[in-house]
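Remember, predicted model here, so these are calculated numbers, not experimental data.
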There are 2 protein chains.
Amino acid sequence: MTYTIKQAAEKSGLSIYTLRFYDKEGLLPFVARNQSGYREFTDGDLNLIHTICCLKNTGMKISAIRTYIDDVMAGPQTVDHRRELLTAHRDAVLENQRQVAENLKGIDFKLALYEDPNALALVQAERDLAEQEKRANHLENPYAVH
Amino acid sequence: MTYTIKQAAEKSGLSIYTLRFYDKEGLLPFVARNQSGYREFTDGDLNLIHTICCLKNTGMKISAIRTYIDDVMAGPQTVDHRRELLTAHRDAVLENQRQVAENLKGIDFKLALYEDPNALALVQAERDLAEQEKRANHLENPYAVH
DNA sequence: ATAAACCCTCGACAATACTCTAGGGCAACT
DNA sequence: AGTTGCCCTAGAGTATTGTCGAGGGTTTAT
């Protein structure tokens with residue numbers, strides 16, 4: 001059993017446009033065509049597309065995904081390289097998750113301010129300080145209400 | 001004490017280009033100019049830029065960051081709106097982290113295959129299956145070695 | 001007072017990842 | 001045979017986020 005591009009789009013969550021775009025970019029060399037030139041997607045193809053989505057959704061660039069797919073097409077002798085690629089990507093993703101968590105702390109800090117029962121006064125004080133800093137440096141006050 | 005754009009770039013980790021770009025996009029209305037038209041960054045400005053970076057680094061779009069900055073400029077009466085914005089963003093970030101973790105599982109699954117002592121045979125079997133699927137559907141075999 | 005190192009704006013260019021249109025073929029149903 | 005609804009390619013268009021060059025003014029040190 002095979003799937004048309006429309007069905008493959010539904011199953012993968014990608015748009016038809018995106019599937020064709022990925023094909024153009026060399027991400028889907030494993031998708032065969034029928035005699036009319038139509039793409040026919042197998043279940044195995046959809047599995048591989050799922051892997052592509054995992055890589056894409058974790059921030060891998062299309063050019064890098066292509067390198068991985070090239071390895072897949074080249075055959076089992078590329079497993080070492082594939083492992084290196086995925087391990088490096090995995091590390092990058094974890095590092096990124098760490099960075100995001102770190103930056104989220106900065107946001108939570110602001111949120112705590114806004115959630116404080118005394119938020120209005122605290123924010124006003126913050127603003128006063130900023131305005132004072134501008135004055136101290138003989139700068140125009142961008143916070144002034146006109 | 002104030003900072004030139006170069007110093008602000010060093011302190012913030014953004015490039016001079018990016019700072020000017022952010023200013024152009026309305027993200028830095030709080031940065032004052034001196035009499036020569038040069039930007040002068042205060043410590044308060046750098047604090048706010050740090051918050052902008054936290055938002056950017058967690059995936060907030062510039063247009064959304066601008067909405068937040070507009071609130072900041074408007075005054076303390078916008079704290080409720082700011083809180084809503086940041087809370088919504090925080091939820092989106094956590095949801096995204098969850099999605100990334102989920103997709104990472106798919107990658108780890110592949111990695112486990114490549115890390116198996118018997119990886120070569122397993123990958124070969126995977127490939128055999130894919131080829132067989134193509135044959136069963138009377139499709140050309142894209143895996144064939146030419 | 002002149003060179004070096006900054007700063008400015010404006011607008012072009014670039015990279016990434018789609019998204020869509022035009023023009024045309026194919027398949028199924030009536 | 002015609003209509004409908006798919007499929008195809010090529011290439012243009014879009015959105016986002018920078019990055020850079022040209023042309024010109026400013027500041028600092030010598």
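Screening residues 32-41 of chain A for salt bridge (charged side-chain N to carboxylate O under 4.0 Å, His left out), with sequence neighbours left out, gives A:Asp23-A:Arg33, A:Asp23-A:Arg39. Screening residues 42-54 of chain A for salt bridge (charged side-chain N to carboxylate O under 4.0 Å, His left out) gives A:Asp45-B:Lys134 as the qualifying pairs, with residues at least two apart or on separate chains. For residues 48-71 of chain A, the set of pairs meeting the salt bridge (charged side-chain N to carboxylate O under 4.0 Å, His left out) definition, not counting sequence neighbours, comprises A:Arg66-A:Asp70.
Fit an axis to the five pairs at each end of the helix from C:dA1-D:dT30 to C:dT30-D:dA1 and the two axes sit 0° apart, to the nearest 10 degrees.
By the side chain to side chain donor-acceptor pair (under 3.5 Å) test, B:Lys110 is found to be paired with B:Glu126, residues two or more places apart in sequence or in another chain being considered. Residues satisfying the side chain to side chain donor-acceptor pair (under 3.5 Å) criterion with A:Glu95, sequence neighbours excluded, are A:Arg98, A:Gln99. Residues passing the side chain to side chain donor-acceptor pair (under 3.5 Å) test with A:Asp80 are A:Arg83, sequence neighbours excluded. Partners of A:Arg20 by salt bridge (Lys or Arg N to Asp or Glu O under 4.0 Å), not counting sequence neighbours: none found. Contacts of A:Ser12 classified as side chain to side chain donor-acceptor pair (under 3.5 Å), with partners at least two apart in sequence or in another chain: none.
For DNA chain D, the span of nucleotides reached by chain B at under 4.0 Å from its heavy atoms goes, 5' to 3', from D:dT17 to D:dT27.
Classification of A:Glu131 and A:Arg127 as a salt-bridged pair holds, one side-chain N sitting under 4.0 Å from a carboxylate O.
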Identify all pairs in which a protein N or O lies below 3.5 Å from an N or O of nucleotides 15-20 of chain C, and state each distance.
unit_1: C:dC18; atom_1: OP2; unit_2: A:Tyr22; atom_2: OH; d: 2.7

Output a table of nitrogen or oxygen pairs between the protein and nucleotides 5-9 of chain C separated by less than 3.5 Å.
unit_1: C:dC6; atom_1: OP1; unit_2: B:Lys6; atom_2: NZ; d: 2.9
unit_1: C:dC7; atom_1: OP1; unit_2: B:Thr4; atom_2: OG1; d: 3.1
unit_1: C:dC7; atom_1: OP1; unit_2: B:Lys6; atom_2: N; d: 3.2
unit_1: C:dC8; atom_1: OP1; unit_2: B:Arg39; atom_2: N; d: 3.0
unit_1: C:dC8; atom_1: OP1; unit_2: B:Arg39; atom_2: NH1; d: 2.7
unit_1: C:dC8; atom_1: OP2; unit_2: B:Arg20; atom_2: NH1; d: 2.6
unit_1: C:dC8; atom_1: OP2; unit_2: B:Arg39; atom_2: NH1; d: 3.4
unit_1: C:dC8; atom_1: O3'; unit_2: B:Arg33; atom_2: NH1; d: 3.3
unit_1: C:dT9; atom_1: OP1; unit_2: B:Arg33; atom_2: NH1; d: 3.0
unit_1: C:dT9; atom_1: OP1; unit_2: B:Arg33; atom_2: NH2; d: 2.9
unit_1: C:dT9; atom_1: OP2; unit_2: B:Arg39; atom_2: NH1; d: 3.4
unit_1: C:dT9; atom_1: OP2; unit_2: B:Arg39; atom_2: NH2; d: 2.9

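If you check the side chains of B:Asp128 and B:Gln124, you find a donor sitting under 3.5 Å from an acceptor.
Checked options A:Thr78, A:Leu48, A:Ile52; the residue passing with A:Val72 is A:Leu48 (criterion: side chain to side chain contact (heavy atoms under 4.5 Å, CB included)).
Nearest heavy-atom pair across A:Ala32 and B:Leu139 is CB-CB, 3.8 Å.
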